[in-house]
> 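Below is one structure. I have some questions about it.
Keep in mind that what you see is a predicted model, and the values were worked out from it rather than measured. Sequence lines set the chain letters: A, B, ... in the order given, protein chains first and strands last, and positions in each chain run from 1.
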2 protein chains.
Amino acid sequence: MHQPDHLKSAGLKSTLPRLKVLDLFENSKERHLSAEDVYKQLLSSGEDVGLATVYRVLTQFEQAGLLVRHHFEGGKSVFELNKGEHHDHIVCLQCGHVEEFFDTAIEARQENVATTLGFTIRDHSLHIYGDCTKKDCPHKP
Amino acid sequence: MHQPDHLKSAGLKSTLPRLKVLDLFENSKERHLSAEDVYKQLLSSGEDVGLATVYRVLTQFEQAGLLVRHHFEGGKSVFELNKGEHHDHIVCLQCGHVEEFFDTAIEARQENVATTLGFTIRDHSLHIYGDCTKKDCPHKP
DNA sequence: TATACAAATGATAATCGTTCTTATTTGCAT
DNA sequence: ATGCAAATAAGAACGATTATCATTTGTATA
Ligand SMILES: [Mn+2]
Ligand SMILES: [Mn+2]
Ligand SMILES: [Zn+2]
Ligand SMILES: [Zn+2]
């Protein structure tokens with residue numbers, strides 16, 4: 001199980017549900033998880049945590065900087081461990097597979113655009129949607 | 001009122017609710033409208049259209065290429081008249097002011113990224129958030 | 001170690017944006 | 001004018017998320 005230090009230093013009591021959620025993100029195969037993903041994975045691991053608690057804890061972890069929340073298409077929020085370094089996402093519309101990328105040129109041009117339009121950037125989100133080429137992806141070309 | 005030609009050529013019967021919605025987008029002060037924006041503005045203009053119809057019509061207009069849908073943060077879909085040319089958005093976090101932009105370099109680099117990662121782009125969304133420099137903006141620097 | 005109490009949990013109700021269902025109305029071709 | 005498929009309106013249903021609140025838990029203190 002995970003060391004409770006991360007929680008303590010975030011000002012959060014180290015409770016069982018919190019430790020389980022954090023543990024899941026650190027050991028899960030999938031890096032990007034929705035609230036229901038977390039809930040179901042915990043259930044199927046025999047851990048019983050309330051769905052409301054999952055939502056509550058995810059939001060707390062986001063505010064504490066432990067997780068980052070993304071608003072992909074599909075309506076549901078998706079979370080990932082905060083690596084500290086920004087990146088953007090490309091998502092497969094067929095199978096939901098997510099790849100991460102960082103493009104210096106894009107980042108630089110964004111600054112350029114903002115300056116031209118008289119804005120100071122505080123944040124941005126770039127989501128590319130398409131079809132991936134994984135073998136197990138139900139892609140129809 | 002608007003000419004029904006746009007609807008006809010989109011394969012849609014030119015009904016009263018459809019004409020009203022289209023008219024609203026073409027004469028509204030705000031360019032980006034949510035379903036509820038449309039619904040409320042029609043109500044306050046004395047026009048009575050069902051909310052379900054608004055949702056149906058917006059989706060049909062999107063499919064017909066008359067409107068473009070955006071998934072901004074905040075959970076609700078926002079629509080705007082399709083100008084035919086793609087653009088992205090920069091939004092002021094202080095006053096909500098929205099500017100549109102198109103950057104050829106960014107678009108090109110996105111293709112590059114997708115190719116590198118084995119994706120075929122179908123769509124993308126780029127939202128920059130920041131502080132604008134309008135006189136009436138409550139900016140705190 | 002036992003106690004005390006604020007903080008956290010979990011079950012469920014409520015909310016929000018959106019879609020579905022269905023009886024009624026409408027546009028439009030004859 | 002008539003007929004009928006297509007469209008509408010009202011409300012139920014839905015999926016994701018948040019709020020409520022009685023019960024439990026972590027932890028500080030004695
Ligand atoms: Mn990521
Ligand atoms: Mn726009
Ligand atoms: Zn795929
Ligand atoms: Zn502003």
> Let me know the distance between CG of A:Leu19 and P of C:dA8, rounded to the nearest Å.
13 Å

> A:Lys76 NZ to D:dT18 C1': how many Å, rounded?
16 Å

> Can you tell which of D:dA7, C:dT18, D:dA10 lies closest to the side chain of B:Ala52?
D:dA10

> I need the CG-C1' distance between B:Leu7 and C:dT26, as an integer number of Å.
15 Å

> Just call it for B:Ser77: base, sugar-phosphate, or nothing, with non-hydrogen atoms closer than 4.0 Å on any strand.
sugar-phosphate

> Nearest-Å distance, CG (B:Asp48) to P (C:dT24)?
18 Å

> Does A:Arg56 contact D:dA19 through a side-chain donor or acceptor facing the base, at a distance under 3.5 Å?
no

> Has B:Tyr55 got a side-chain N or O lying under 4.0 Å from the OP1 or OP2 atom of C:dT19?
no

> Please report the distance, rounded to the nearest Å, between CD in A:Gln60 and C1' in D:dT18.
13 Å

> Should the side chain of B:Arg18 and the base of C:dG27 be counted as holding a donor-acceptor pair, with the cut-off at 3.5 Å?
no

> Name the closest nucleotide to the A:Val49 side chain, picking from D:dT27, D:dA16, C:dG10.
C:dG10

> Mind checking A:Thr53 for me? I need base, sugar-phosphate or nothing, with any heavy atom below 4.0 Å counting as a touch.
base

> Take the protein atom NE2 of A:His71 and the nucleotide atom C1' of D:dA16, then report the distance between them rounded to whole Å.
13 Å

> Before you tell me yes or no, could you show the steps for A:His89 and A:His32 under ring-ring contact (aromatic ring centres under 6.0 Å, His included), namely the whole-Å CA-CA distance, both residues' side-chain angles and the distance that decides it to 0.1 Å?
CA-CA 11 Å; A:His89 299 89; A:His32 301 89; 5.0 Å; yes

> Name the orientation class of the two ring planes belonging to A:His87 and A:His70 (parallel below 30°, tilted from 30 to 60°, perpendicular beyond 60°).
tilted

> Provide, to the nearest angstrom, the distance between the CD atom belonging to A:Glu62 and the P atom belonging to D:dT17.
12 Å

> Looking at A:Thr15, I'd like to know whether one of its side-chain N or O atoms comes within less than 4.0 Å of OP1 or OP2 on C:dT9.
yes

> Expressed in angstrom and rounded to an integer, what is the separation of A:Glu73 atom CD from C:dT18 atom P?
13 Å

> I want to check one thing: is the phosphate of D:dA7, taken as OP1 and OP2, less than 4.0 Å away from some side-chain N or O of B:Lys13?
no

> For B:Glu99 and B:His97, does a side-chain donor sit closer than 3.5 Å to a side-chain acceptor?
yes

> What I want to check is whether the side chains of A:Glu107 and A:His86 have a donor and an acceptor closer together than 3.5 Å.
yes

> Relative to the 5' end of DNA chain D, which residue comes earlier, A:Thr59 or B:Leu51, by the nucleotide with the nearest heavy atom?
B:Leu51

> Any donor-acceptor pair under 3.5 Å linking the side-chain atoms of B:Thr115 with those of B:Asn112?
no

